[in-house]
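Okay, so here's the structure we're looking at.
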Amino acid sequence: MIRIGILAVQGAFIEHEKILNELGAETVELRKKDDLAERFDALVLPGGESTVQGKLLDELDMMKELRERIISGMPVMGTCAGIILLAENISNDKNKYFGTLPIEVTRNAFGRQIDSFYTVGEYKGIGTVPMTFIRAPKISGVYSDTEILAELNGEPVAVRYKNQLAMTFHPELSDNYEIHRSFIDMISV
Ligand code: GLN
């Protein structure tokens with residue numbers, strides 16, 4: 001059975017767990033370095049606060065090992081804060097976290113007036129999906145062979161680069177599981 005590690009130091013990880021379990025995958029919460037010794041075939045980086053998650057990843061000494069796994073091809077899905085952790089560049093944050101995904105993001109890019117909003121959009125290979133944005137970043141640059149999977153008003157909101165799938169919205173906050181299903185399809189064990 002596929003086992004998916006879910007970064008569980010902060011943020012909205014429970015929702016990912018529930019969906020992945022319903023789709024038949026086992027999940028492992030990654031809260032501390034010892035948890036990385038468990039078997040897991042893929043990784044989920046949930047929404048939350050990227051600065052807090054990044055700081056905890058460093059303090060808990062989990063950053064290096066997880067980064068090495070991503071670089072060596074482990075499938076990873078990052079949502080919202082998760083895409084910030086993956087991004088090669090963050091235009092308005094002096095920190096860089098995993099830095100493995102060839103995109104630039106801009107944090108909190110929608111402004112206070114529209115902190116959160118819900119819409120629907122077209123997602124490549126799936127069709128119309130619900131999209132919930134919560135203090136979301138924008139993808140402000142797309143480099144290398146990074147493929148755009150979904151756009152909103154002409155701007156990318158979901159991308160894939162090799163084993164890395166990432167989006168600025170929260171697919172775990174909807175009852176449409178197709179994005180999670182597409183992630184499971186990226187995992188071969
Ligand atoms: N604003 C958060 C950040 O910069 C991301 C918000 C989210 O994950 N919902 O990390």
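Not measured: the values here are computed from a predicted model. Along the sequence shown, residues carry numbers from 1. Indexing begins at 1, ligand by ligand and atom by atom, following the structure's order.
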Short side-chain to backbone donor-acceptor contact, Asn163 and Ile70, under 3.5 Å: yes
Side-chain heavy-atom pair Leu86, Tyr97 within 4.5 angstrom cut-off: no
Identity of the nearest option to atom 2 (C) of ligand 1, non-hydrogen atoms only, from Ala109, Pro137, Ala136, Gly48: Gly48
Atoms in ligand 1 with a heavy atom of Ile84 nearer than 4.0 Å: 3 (C), 4 (O), 10 (O)
Proximity flag His170 to ligand 1, non-hydrogen atoms under 4.0 Å: yes
Lys33 atom NZ, neighbour heavy-atom count above 12 within 6.0 Å: yes
Mode of Arg107 contact toward ligand 1 - side chain, backbone, both, neither (heavy atoms, under 4.0 Å): side chain
Heavy-atom check, side chain of Leu57 versus side chain of Leu66, under 4.5 Å: yes
Asn108 N/O to ligand 1 N/O under 3.5 Å: yes
N/O separation below 3.5 Å, Cys80 to ligand 1: no
Basic-acidic side-chain contact under 4.0 Å: Lys18, Glu22: no
Per-atom contacts, ligand 1 versus Ser50 - under 4.0 Å to a heavy atom: 3 (C), 4 (O), 10 (O)
Atoms of ligand 1, numbered as shown, that sit under 4.0 Å from any heavy atom of Gly47: 8 (O)
Whether Asp35 side chain and Lys32 backbone form a donor-acceptor pair below 3.5 Å: yes
